[in-house]
Amino acid sequence: MTPILNGLIVGSLVVILLCRWLERYEWSHLILSYVSVSYYSLSLVYLAYFVGIWCLPVGLVLAGAPIFGFILFPRRVIYTALTLAFGWICIISLLTAMGQLRYSPLFQDSFYTDPDAKKFVLFCYTYFALPHLFSILLLSDLFLIHWRRGEEVIHQLSLTDSLTRLNNRRAITHYLQKNLEDAHARKEPLSVILVDLDHFKAINDNFGHLMGDEALRRSSECMREVMRKQDQLGRYGGEEFLIVLGQTGLDEAIMVAERCRRNLEQTLLIS
């Protein structure tokens, strides 16, 4: 096995150097993907033949490698490599069944019949299988963590106004509907404030839309400064903002609205 393993190591280094040398060329990316993945797959099949084509470590590699291949490479590259590997596995299995090839030539035939030798074979299979098993579990866990984080970011972006970083219309109306249902069920008061900035069109017309955007950002910040922690603020559309006040009656809602109005009145929205 030593010259074979040395040859595979040299071949792997050649593939790595080839990829590093040609990666600056756009046309080479897909070709190198086919070459590197196919070389990896056929190397695994060749090594699998020596330890037993249908043993536990080979099964783990056959199950785990394509999973992460689909994450890292185009699907057609992985399906091509899978087709090549599966074809060679079938040929090796057929030749083994016909007696043309020995099964797992790395082990002597007596290893599968002698009780003491069986323990050694089992130990070898376990020894080779565990690293693949732990690698698959670890990479699966890391992939799921990143996938969940990505889903959370996408979900948050779908509910956030990109300009003011407030709840967008969809999020604030959903929050309002939910709190209306809760307030009705608990027979608690609920108040809503709709804020509309005066003369906002004049800001856009006289100073441009960039200044209009800055005015919206500063308006949202100055309203957040005077709101309570339990209150929810969202951009309803254009220059309109919606404030949802849970467990709040009319008199208290008027006080919150007045604080927002005063802070807006005293804030320099454009400079």
Side-chain angles (χ1 to χ4, degrees), residues 67-68 70-72 137-271:
I67 294 175
F68 300 105
F70 285 124
I71 300 171
L72 299 172
L137 291 175
L138 178 62
L139 291 174
S140 299
D141 185 51
L142 290 174
F143 169 71
L144 289 174
I145 288 173
H146 286 289
W147 179 74
R148 289 193 187 104
R149 287 177 180 172
E151 288 289 308
E152 290 174 2
V153 170
I154 293 173
H155 178 69
Q156 191 60 37
L157 288 174
S158 70
L159 301 176
T160 303
D161 178 63
S162 59
L163 178 62
T164 61
R165 313 308 298 174
L166 299 175
N167 295 315
N168 59 18
R169 179 167 182 159
R170 173 187 172 191
I172 195 65
T173 52
H174 177 76
Y175 180 83
L176 173 60
Q177 182 63 36
K178 183 176 182 301
N179 278 264
L180 279 172
E181 295 172 358
D182 292 343
H184 179 73
R186 299 174 183 174
K187 301 188 183 304
E188 295 175 345
L190 176 76
S191 298
V192 179
I193 301 172
L194 182 63
V195 180
D196 190 350
L197 301 181
D198 293 337
H199 312 299
F200 182 74
K201 185 176 183 300
I203 296 177
N204 281 334
D205 293 342
N206 296 327
F207 300 99
H209 288 279
L210 291 179
M211 276 298 177
D213 292 345
E214 183 62 23
L216 289 173
R217 280 192 288 266
R218 295 192 183 185
S219 298
S220 64
E221 290 171 1
C222 75
M223 282 188 285
R224 275 189 290 200
E225 291 174 357
V226 297
M227 285 172 49
R228 303 169 304 178
K229 290 183 179 180
Q230 66 268 30
D231 300 336
Q232 283 290 325
L233 172 65
R235 187 180 177 191
Y236 193 67
E239 67 274 21
E240 296 178 336
F241 297 87
L242 195 67
I243 305 175
V244 180
L245 311 173
Q247 300 178 343
T248 303
L250 179 59
D251 293 338
E252 194 174 358
I254 291 174
M255 294 174 59
V256 174
E258 181 60 19
R259 286 202 303 269
C260 289
R261 189 196 66 79
R262 281 184 193 162
N263 210 32
L264 284 168
E265 184 181 48
Q266 297 168 4
T267 300
L268 182 63
L269 295 182
I270 57 174
S271 56

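These numbers were taken from a predicted model, which means no experiment stands behind them. Index from 1, following the sequence. Just the heavy atoms: all of them, side chains too, but no hydrogens, waters or symmetry mates, feed the values below.
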Point to revise | Verdict with reasoning, Leu264 to Val195, per side-chain contact (heavy atoms from CB on, under 4.5 Å) | key: CA-CA 10 Å; Leu264 284 168; Val195 180; 4.1 Å; yes
**Study point:** side-chain contact (heavy atoms from CB on, under 4.5 Å) evaluation trace for Leu197 with Ser219
**Key:** CA-CA 9 Å; Leu197 301 181; Ser219 298; 3.5 Å; yes
Check your understanding: Would Leu176 and Ile172 count as a side-chain contact (heavy atoms from CB on, under 4.5 Å) if you check the C-alpha gap in whole Å, the side-chain angles of each, and the deciding distance to 0.1 Å?
Key -> CA-CA 6 Å; Leu176 173 60; Ile172 195 65; 5.7 Å; no
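Cys260 and Met227 make their closest contact through SG-CG, 4.4 Å (heavy atoms, listed as atom of the first residue, atom of the second, distance). Listed here is the closest heavy atom pair of Leu157 and Arg165: CD2-NH2, 4.4 Å. Closest approach of Leu190 and Ala183 over heavy atoms only: CB-CB, 4.0 Å. Closest approach of Leu159 and Ala171 over heavy atoms only: O-CB, 3.3 Å. Shown here for Gly238 and Leu216, the closest heavy-atom pair between the two residues is O-CD2, 3.8 Å. Across every non-hydrogen atom of Gly234 and Leu166, the tightest pair is CA-CB, 4.3 Å.
Applying the side-chain hydrogen bond (donor to acceptor under 3.5 Å, both in side chains) criterion to Asp182, with sequence neighbours excluded, gives Lys178. A search for side-chain hydrogen bond (donor to acceptor under 3.5 Å, both in side chains) contacts involving Glu225 returns Asn263, not counting sequence neighbours. A search for salt bridge (Lys or Arg N to Asp or Glu O under 4.0 Å) contacts involving Arg217 returns Glu214, not counting sequence neighbours. Legend: residues meeting salt bridge (Lys or Arg N to Asp or Glu O under 4.0 Å) with Glu151, ordered by chain and number and at least two apart, are absent. Qualifying side-chain contact (heavy atoms from CB on, under 4.5 Å) partners for Asn204, counting only residues two or more places apart in sequence or in other chains: Phe200, His209. With sequence neighbours excluded, the residues that form a salt bridge (Lys or Arg N to Asp or Glu O under 4.0 Å) with Arg261 are Glu258, Glu265. In this structure, the side-chain contact (heavy atoms from CB on, under 4.5 Å) partners of Ala253, at least two apart in sequence or on a different chain, are Ser191, Leu245, Thr248. Partners of Arg170 under the side-chain hydrogen bond (donor to acceptor under 3.5 Å, both in side chains) rule, at least two apart in sequence or in another chain, do not exist in this structure. Applying the side-chain hydrogen bond (donor to acceptor under 3.5 Å, both in side chains) test to Asp213 and every residue at least two apart in sequence or in another chain returns nothing.
Within the structure, side chain to side chain donor-acceptor pair (under 3.5 Å) pairs that include any residue of residues 141-150 do not occur (at least two apart or interchain). Residues in residues 233-242 take part in these side chain to side chain donor-acceptor pair (under 3.5 Å) pairs, two or more places apart or across chains: Asp161-Arg235, Arg169-Tyr236. Legend: salt bridge (Lys or Arg N to Asp or Glu O under 4.0 Å) pairs involving residues 187-197, not counting sequence neighbours: none detected.
Between the side chains of Gln156 and Glu152, no donor-acceptor pair is found at a separation under 3.5 Å.
Note that CD of Gln177 is 10.0 Å distant from CG of Asn179, once rounded to the nearest 0.5 Å. Between Leu137 atom CG and Leu142 atom CG the span is 11.0 Å, to the nearest 0.5 Å. A distance of 10.0 Å separates OG1 in Thr267 from CE in Met223, rounded to the nearest 0.5 Å. The CD atom of Glu252 sits 10.0 Å away from the CD atom of Gln247 when rounded to the nearest 0.5 Å.
Side-chain contact check for Asn167 versus Tyr175: every heavy-atom pair is 4.5 Å or farther apart.
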